[in-house]
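Everything on this sheet refers to the single structure shown next.
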Amino acid sequence: MKKNIVKVLAIILVVALSAVMFTACVPGGVDKAKEKMTEKGYTCAGSEKSGEGIVGSFTAVKGLINGEYLIAVFYDSAKTAKADFDEMKGDADKKDYEIKRSGKVLYYGTKQALKDFAGF
């Protein structure tokens with residue numbers, strides 16, 4: 001009986017710690033990405049929790065005339081990110097930017113900015 005109680009408590013502890021860890025990591029993703037782009041010479045501005053299903057977003061710009069730019073949106077679920085990606089990718093073919101998605105992150109901008117952002 002004691003072994004079962006210990007097992008149940010261990011599972012509860014693992015679930016609770018995982019929930020705290022994953023919740024804490026979400027805003028850090030936006031901050032880490034902004035920090036990386038700043039290190040690469042971009043000027044970044046953004047916000048946290050800027051819409052339904054959106055955890056945060058930011059814009060990165062490098063150079064004023066014919067410069068590089070990127071807009072990154074961090075979603076609370078990959079499903080929501082994919083839905084917006086599917087909606088926007090048709091427009092990207094007609095514009096001067098590219099769009100990509102990685103898990104819960106949707107990002108679009110110039111080719112070089114996408115390369116600089118990849119793997120944040």
Side-chain angles (χ1 to χ4, degrees):
M1 185 73 166
K2 279 189 174 183
K3 287 184 179 183
N4 287 340
I5 292 173
V6 171
K7 287 180 185 178
V8 169
L9 288 176
I11 291 171
I12 291 171
L13 181 62
V14 168
V15 169
L17 288 175
S18 297
V20 169
M21 183 179 70
F22 290 128
T23 302
C25 289
V26 172
V30 176
D31 293 337
K32 184 178 176 183
K34 283 169 57 174
E35 183 180 312
K36 177 184 177 183
M37 294 302 280
T38 300
E39 288 172 2
K40 293 194 178 237
Y42 290 81
T43 301
C44 298
S47 66
E48 300 291 327
K49 191 94 174 161
S50 56
E52 187 177 330
I54 296 175
V55 175
S57 63
F58 76 92
T59 302
V61 179
K62 184 180 196 181
L64 295 176
I65 300 172
N66 296 326
E68 306 297 333
Y69 72 92
L70 172 110
I71 299 170
V73 182
F74 294 74
Y75 292 86
D76 61 358
S77 75
K79 183 179 178 181
T80 306
K82 184 176 180 344
D84 280 0
F85 173 76
D86 291 341
E87 185 177 320
M88 292 178 67
K89 71 179 175 184
D91 290 338
D93 295 336
K94 303 171 197 163
K95 306 286 183 185
D96 63 343
Y97 64 86
E98 292 186 26
I99 184 166
K100 294 189 177 188
R101 182 183 70 89
S102 178
K104 297 178 183 180
V105 182
L106 174 72
Y107 54 104
Y108 54 98
T110 59
K111 237 180 228 191
Q112 185 57 50
L114 294 179
K115 286 179 187 176
D116 290 341
F117 182 76
F120 70 91

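- Qualifying side-chain contact (heavy atoms from CB on, under 4.5 Å) partners for Ser102, counting only residues two or more places apart in sequence or in other chains: Tyr107.
- Lys36 places a side-chain N or O within 3.5 Å of a backbone atom of Ala118 that can act as its donor or acceptor partner.
- In this structure, Thr43 has no side-chain hydrogen bond (donor to acceptor under 3.5 Å, both in side chains) partners at least two apart in sequence or on a different chain.
- In this structure Tyr69 satisfies the side-chain hydrogen bond (donor to acceptor under 3.5 Å, both in side chains) test with no other residue, sequence neighbours excluded.
- Closest approach of Ala33 and Phe74 over heavy atoms only: CB-CZ, 3.8 Å.
- Here the CG atom belonging to Leu70 is positioned 12.0 Å from the NZ atom belonging to Lys40, to the nearest 0.5 angstrom.
- Atom CZ of Phe58 is separated from atom OH of Tyr42 by 10.5 Å, given to the nearest 0.5 angstrom.
- Here the CD1 atom belonging to Ile99 is positioned 10.0 Å from the CD1 atom belonging to Ile71, to the nearest 0.5 angstrom.
- Qualifying side-chain hydrogen bond (donor to acceptor under 3.5 Å, both in side chains) partners for Gln112, counting only residues two or more places apart in sequence or in other chains: Asp116.
- In this structure Thr38 satisfies the side-chain contact (heavy atoms from CB on, under 4.5 Å) test together with Cys44, sequence neighbours excluded.
- Atom CZ in Phe117 sits 12.5 Å away from atom OG1 in Thr110 (nearest 0.5 Å).
- Taking Thr59 as the reference, nothing meets the side-chain hydrogen bond (donor to acceptor under 3.5 Å, both in side chains) condition, with sequence neighbours excluded.
- Checked against side-chain contact (heavy atoms from CB on, under 4.5 Å), Asp86 has the following partners two or more places apart in sequence or in another chain: Lys82, Lys89.
- Looking at residues two or more places apart in sequence or on another chain, you find a side-chain contact (heavy atoms from CB on, under 4.5 Å) between Ala78 and Arg101, Lys104.
- For Lys111, the salt bridge (Lys or Arg N to Asp or Glu O under 4.0 Å) partners two or more places apart in sequence, or in a different chain, are Glu98.
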